[in-house]
J.: 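The structure follows.
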Amino acid sequence: MQLTKNFHLSEFASKDGAETPQELIPNLQELANNLQVLRDSLGVPIHINSGYRSPAHNKAVGGAPKSQHKEGKAGDITAKGYTPKQIYARIEKLMAEGKMKNGGLGLYNTFVHYDVRNYAARWNNSN
């Protein structure tokens, strides 16, 4: 299922092979719509390291008990040619301009977490 011009539902699938619940598709659509804005701004493909996580997979990878990934609202992402800090800064800029939803944004050493929760949250887990 094509979610946007550049994102397919399969890119957000749980890495343990669990089926994505149909009721979470609207959340993944909203996430993909926002990530499409980022992709268009960066001009390069975005790789989804982790999108939807089944409860079992979330637990196996040490995800937060109330992880946005379990709701299909989060993506851990990278983009070729951009550091996580650069991606984080671009998302902050797009949020400030009202082009991306002002949800969760986390900086890690090797990726950026972005989610479409209904409130702003920021954290930095990089060194």
Side-chain angles (χ1 to χ4, degrees):
M1 169 191 252
Q2 200 70 33
L3 297 174
T4 70
K5 178 175 67 177
N6 296 108
F7 291 107
H8 193 274
L9 181 61
S10 62
E11 295 178 77
F12 297 91
S14 187
K15 301 296 185 214
D16 65 353
E19 194 167 325
T20 304
Q22 286 297 309
E23 64 270 18
L24 299 185
I25 302 293
N27 294 345
L28 289 164
Q29 182 69 63
E30 181 183 12
L31 176 62
N33 290 346
N34 280 274
L35 290 177
Q36 184 67 50
V37 172
L38 176 63
R39 191 210 186 281
D40 291 345
S41 176
L42 295 175
V44 298
I46 291 172
H47 177 73
I48 312 297
N49 300 337
S50 180
Y52 167 68
R53 289 184 197 151
S54 68
H57 183 61
N58 190 66
K59 188 172 183 179
V61 300
K66 294 186 178 183
S67 173
Q68 297 293 310
H69 289 278
K70 294 194 315 185
E71 303 301 319
K73 292 184 173 186
D76 293 342
I77 61 171
T78 59
K80 190 171 182 154
Y82 289 89
T83 66
K85 283 183 181 174
Q86 290 170 322
I87 296 168
Y88 185 100
R90 183 68 61 96
I91 294 172
E92 279 194 314
K93 178 179 183 288
L94 292 167
M95 286 177 173
E97 294 171 351
K99 295 177 181 173
M100 284 181 76
K101 185 170 185 172
N102 191 0
L105 185 58
L107 180 63
Y108 294 82
N109 289 328
T110 57
F111 66 92
V112 172
H113 170 100
Y114 172 71
D115 68 58
V116 292
R117 69 182 74 191
N118 289 322
Y119 59 92
R122 302 288 181 272
W123 62 95
N124 183 342
N125 284 18
S126 68
N127 292 335

J.: Scan for salt bridge (charged side-chain N to carboxylate O under 4.0 Å, His left out) pairs involving residues 3-14, sequence neighbours excluded, and state none if there are none.
T.: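 As it turns out, the salt bridge (charged side-chain N to carboxylate O under 4.0 Å, His left out) pairs with a partner in residues 3-14, which skip direct neighbours, are Lys5-Asp40.
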J.: Please lay out, stage by stage, how Val61 and Lys15 fare under the test side-chain contact (heavy atoms from CB on, under 4.5 Å).
T.: CA-CA 10 Å; Val61 300; Lys15 301 296 185 214; over 6 Å; no
J.: Once rounded to the nearest 0.5 Å, what's the spacing between atom CZ of Arg53 and atom OG of Ser67?
T.: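 OG of Ser67 is found 5.0 Å from CZ of Arg53.
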J.: With clusters defined by side-chain heavy atoms of hydrophobic residues (ILVMFWY) lying less than 4.5 Å apart, directly or transitively, does Met100 cluster with Val44?
T.: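 Same cluster.
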J.: Can you confirm whether Gln2 is buried at CD, in the sense that more than 12 heavy atoms of other residues, nucleotides or ligands lie under 6.0 Å from that atom?
T.: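 Enclosed.
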J.: Roughly how far, to the nearest 0.5 Å, is CG of Leu38 from CG of Leu94?
T.: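 It is 6.5 Å, given to the nearest 0.5 Å.
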J.: Taking only residues two or more places apart in sequence, or in another chain, which ones meet Lys80 in a side-chain contact (heavy atoms from CB on, under 4.5 Å)?
T.: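 Per chain and number, Lys80 pairs via side-chain contact (heavy atoms from CB on, under 4.5 Å) with no residue.
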J.: Is there a donor-acceptor contact under 3.5 Å linking the side chains of Glu30 and Asn34?
T.: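 Side-chain D/A pair, Glu30 to Asn34: absent.
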J.: Less than 4.5 Å apart, side chain to side chain, heavy atoms only: is that true for Tyr88 and Asn124?
T.: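 They are not in side-chain contact.
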J.: Considering only heavy atoms from C-beta outward, does the side chain of Val116 approach that of Asn33 to under 4.5 Å?
T.: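 No, side chains not in contact.
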J.: If you round to the nearest 0.5 Å, how far is CZ of Phe12 from OG1 of Thr20?
T.: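 That separation rounds to 10.5 Å.
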J.: Please step through side-chain contact (heavy atoms from CB on, under 4.5 Å) for the pair Phe7 and Leu28, ending with a clear verdict.
T.: CA-CA 10 Å; Phe7 291 107; Leu28 289 164; over 6 Å; no
J.: For Thr4 and Asn6, test the side chains for any donor-to-acceptor distance below 3.5 angstrom and give the result as yes or no.
T.: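 The answer is no; no qualifying pair exists.
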J.: Restricting to non-hydrogen atoms, name the atom on Leu31 and the atom on Gly75 that form the minimum distance, rounded to 0.1 Å.
T.: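 Closest heavy-atom pair between Leu31 and Gly75: CD2-N, 3.9 Å.
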J.: Determine whether Leu35 and Leu3 make a side-chain contact, defined as any pair of heavy atoms from C-beta on separated by less than 4.5 Å.
T.: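 Of all side-chain heavy-atom pairs linking Leu3 with Leu35, none is under 4.5 Å.
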J.: What are the two closest non-hydrogen atoms of Ser14 and Ser54, and how far apart are they?
T.: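 Nearest pair, atom of Ser14 first, then Ser54: OG-N, 3.0 Å.
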J.: Asn27: what forms a side-chain contact (heavy atoms from CB on, under 4.5 Å) with it, not counting sequence neighbours?
T.: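 Leu24, Glu71, Lys73.
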J.: Which residues satisfy the salt bridge (charged side-chain N to carboxylate O under 4.0 Å, His left out) test with Asp16, sequence neighbours excluded?
T.: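 For Asp16 there are no salt bridge (charged side-chain N to carboxylate O under 4.0 Å, His left out) partners, ignoring immediate neighbours.
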J.: In terms of heavy-atom contacts, does CD of Gln22 have more than 12 from other residues, nucleotides or ligands at under 6.0 Å?
T.: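 Not buried by this count: 12 neighbours or fewer within 6.0 Å.
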J.: Side-chain donor-acceptor pairs under 3.5 Å in residues 105-113, sequence neighbours left out?
T.:
residue: Tyr108; atom: OH; partner: Trp123; partner atom: NE1; Å: 2.8
residue: Asn109; atom: OD1; partner: Asn127; partner atom: N; Å: 2.8
residue: His113; atom: ND1; partner: His69; partner atom: NE2; Å: 3.4
residue: His113; atom: ND1; partner: Asp76; partner atom: OD1; Å: 3.0
residue: His113; atom: NE2; partner: Asp115; partner atom: OD2; Å: 2.7

J.: With Lys70, which residues qualify under side-chain hydrogen bond (donor to acceptor under 3.5 Å, both in side chains), at least two apart?
T.: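 Partners of Lys70 by the side-chain hydrogen bond (donor to acceptor under 3.5 Å, both in side chains) criterion come out as none, since no residue qualifies.
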J.: For residues Tyr119 and Met95: do they belong to one hydrophobic cluster (side chain heavy atoms under 4.5 Å, members Ile, Leu, Val, Met, Phe, Trp, Tyr)?
T.: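 Each belongs to a different hydrophobic cluster.
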J.: Going by heavy atoms in the side chains, are Tyr114 and Lys101 under 4.5 Å from each other?
T.: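 When only atoms from C-beta onward are counted, Lys101 and Tyr114 do touch, with a gap below 4.5 Å.
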